[in-house]
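Values below: every heavy atom of this structure, side chains too, minus hydrogens, waters and symmetry copies. A note on names: the letters A, B, ... follow the listed sequences, proteins ahead of strands, and every chain is numbered from 1.
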Amino acid sequence: MCTVCGCGRPDMPAGKDSHDHDHHHDHGHGHSHDHDHDHDHDHDHHHHHGHGHDHLDFGGGLGGVHVPGLSQARVVRIEQDILAENNRYADGNRRLLAERGVFAVNLMSGPGAGKTTLLVRTLEDLRDHFPLSVIEGDQRTDVDAERVRATGAPAVQVNTGKGCHLDGHMVGHALEHLDPAAGGILFIENVGNLVCPAAFDLGEASKAVLVSVTDGEDKPIKYPDMFAAASVMIVSKVDLLPHVPFDVDRCVEFARRINPSVEVLRLSATTGEGLADWYAWLERGRQAAAEPA
Amino acid sequence: MHEMALCESVLAVLEREAQSQSFHRVKTVWLEIGALSCAAPEAMTFCFRAVTRGTLAENATLEIVRTPGRAWCMDCSDTVTVGERYDPCPLCGGYQLQVTGGDELRIKELEVA
């Protein structure tokens with residue numbers, strides 16, 4: 001039984017897991033009653049729009065009886081943020097991480113910008129200094145979590161199935177199984193996608209977006225939501241700069257048009273160039289998270 | 001296509017409200033989608049139809065209310081209207097803008113029965 005939300009999902013095995021988590025409610029699995037029947041039912045028989053929500057009272061019209069043709073239309077003001085549900089889960093994650101003093105970084109980029117390569121190198125370089133753990137998000141496969149576990153860091157793979165991003169609920173489940181150690185860093189590697197993950201708060205302390213020099217330098221203005229959400233932009237694969245026409249300064253200028261306060265790091269996980277700045281950035285975040293609130 | 005997930009969240013709210021406010025059918029949903037929000041109105045309309053099929057909101061009309069992007073220009077010390085996040089300040093042409101509005105993603109009202 002899920003203790004994050006009570007969704008009834010059985011526990012997933014820690015470590016290796018293809019968490020094919022449909023975090024949504026089971027709507028749309030209808031039994032539809034297309035037959036017309038004019039006779040009165042003395043039991044609740046929901047014959048309007050067949051769906052399996054037994055908890056909904058479809059006989060809730062005047063006098064508890066639905067009368068076809070009698071309009072009971074009314075306007076209800078509700079004023080609810082569409083992301084409120086996700087944000088509730090994210091707030092829960094953030095509370096848990098704050099209690100533990102764990103610094104959580106949400107790593108985002110398009111596919112192939114080098115998130116996993118940077119992550120693996122970082123885990124290898126920092127694993128002797130403090131506890132590190134990883135949540136890996138991908139549509140399918142356990143490949144990335146396997147690469148991460150090879151470094152010795154605990155990792156939970158979340159497969160989003162048809163989903164194009166991690167959300168607060170999925171990360172809540174992953175945290176239950178990962179149990180990140182106090183005073184450490186949790187890396188959440190989001191699904192490779194420069195659009196959708198921007199909208200979903202996971203409860204992380206910082207969002208980091210990678211742009212590789214083999215991408216176009218105009219990525220920030222093409223995908224403004226992502227760069228507006230990020231607190232740091234990492235220009236990756238800078239060892240390839242002599243071979244590609246990528247203009248780093250122009251990329252930074254574009255990013256700061258979207259987000260004037262975004263920090264910028266330039267690095268290569270292959271040669272190690274710029275990694276010291278990245279580790280210093282992580283250490284600042286880790287220390288801030290470890291301080292008692 | 002995160003609009004699918006957003007529409008599933010909308011449906012979850014409708015189902016919850018149906019219980020608490022005793023309605024069984026949703027005829028119209030008014031959504032406020034800011035110009036600087038992460039949702040594309042056309043995609044929301046498409047996904048809403050797909051997600052609500054066979055539910056209490058099947059065939060409901062989705063009315064999208066667009067709100068303009070608003071930002072504070074640090075150089076002008078003034079609030080300005082922007083169409084996109086990468087737009088410059090319409091007054092000074094600079095980019096020292098902080099978004100102050102127009103990133104809403106809200107359900108405003110429902111017409112229910």
>> Quick check for you: to the nearest 0.5 Å, what is the distance between B/Leu110 atom CG and A/Arg74 atom CZ?
In response: 9.5 Å

> How far apart are the closest heavy atoms of A/Glu79 and B/Arg106, and which atoms are they?
Replying inline: O-NH2, 2.9 Å

> So, do A/Leu83 and B/Leu6 sit near enough that their side-chain heavy atoms are less than 4.5 Å apart?
Replying inline: yes

>> So which residue, A/Asp81, A/Ile78, A/Asn86, ends up with the most heavy-atom pairs under 4.5 Å with chain B?
In response: A/Ile78

> Looking at side-chain heavy atoms only, is the closest gap between B/Arg85 and A/Asp225 below 4.5 Å?
Replying inline: yes

>> Do the side chains of B/Arg16 and A/Glu85 get close enough for a salt bridge, i.e. N-O under 4.0 angstrom?
In response: yes

>> Can you tell me how far apart CD1 (A/Ile82) and CD (B/Glu8) are? Round to the nearest 0.5 Å.
In response: 13.0 Å

> Using non-hydrogen atoms only, which part of A/Phe200 is less than 4.5 Å away from chain B: side chain, backbone, both, or neither?
Replying inline: side chain

> With chain A, which of B/Glu111, B/Lys108, B/Gln98 has the greatest number of heavy-atom pairs at distances under 4.5 Å?
Replying inline: B/Lys108

>> Would you say that B/Tyr95 contacts A/Arg256 through its side chain, given a criterion of any heavy-atom pair below 4.5 Å between the two side chains?
In response: no

> Side chain, backbone, both or neither: which part of B/Ser37 has a non-hydrogen atom closer than 4.5 Å to chain A?
Replying inline: backbone

> If you look at every heavy atom in B/Tyr86 and A/Ile258, which pair is closest and at what distance?
Replying inline: CB-CD1, 3.4 Å

> Once you round to the nearest 0.5 Å, how far does CD of A/Gln80 lie from CG of B/Leu105?
Replying inline: 13.5 Å

> Which bit of B/Gln21 is near chain A, if near means a heavy-atom gap under 4.5 Å: side chain, backbone, both or neither?
Replying inline: both

> Could you state the interatomic distance from CG (A/Asp167) to NE2 (B/His2), rounded to the nearest 0.5 Å?
Replying inline: 13.0 Å

> About how many Å separate SG of A/Cys196 and CD of B/Glu3, when rounded to the nearest 0.5 Å?
Replying inline: 7.0 Å

>> At a 4.5 Å cut-off on heavy atoms, which part of B/Leu31 comes close to chain A: side chain, backbone, both, or neither?
In response: side chain

> So which bits of residues 60-79 of chain B come within less than 4.5 Å of chain A, counting non-hydrogen atoms only?
Replying inline: B/Met74

>> Is A/Ala199 close to chain B through its backbone or its side chain, or both, or neither, when contacts mean heavy atoms under 4.5 Å?
In response: both

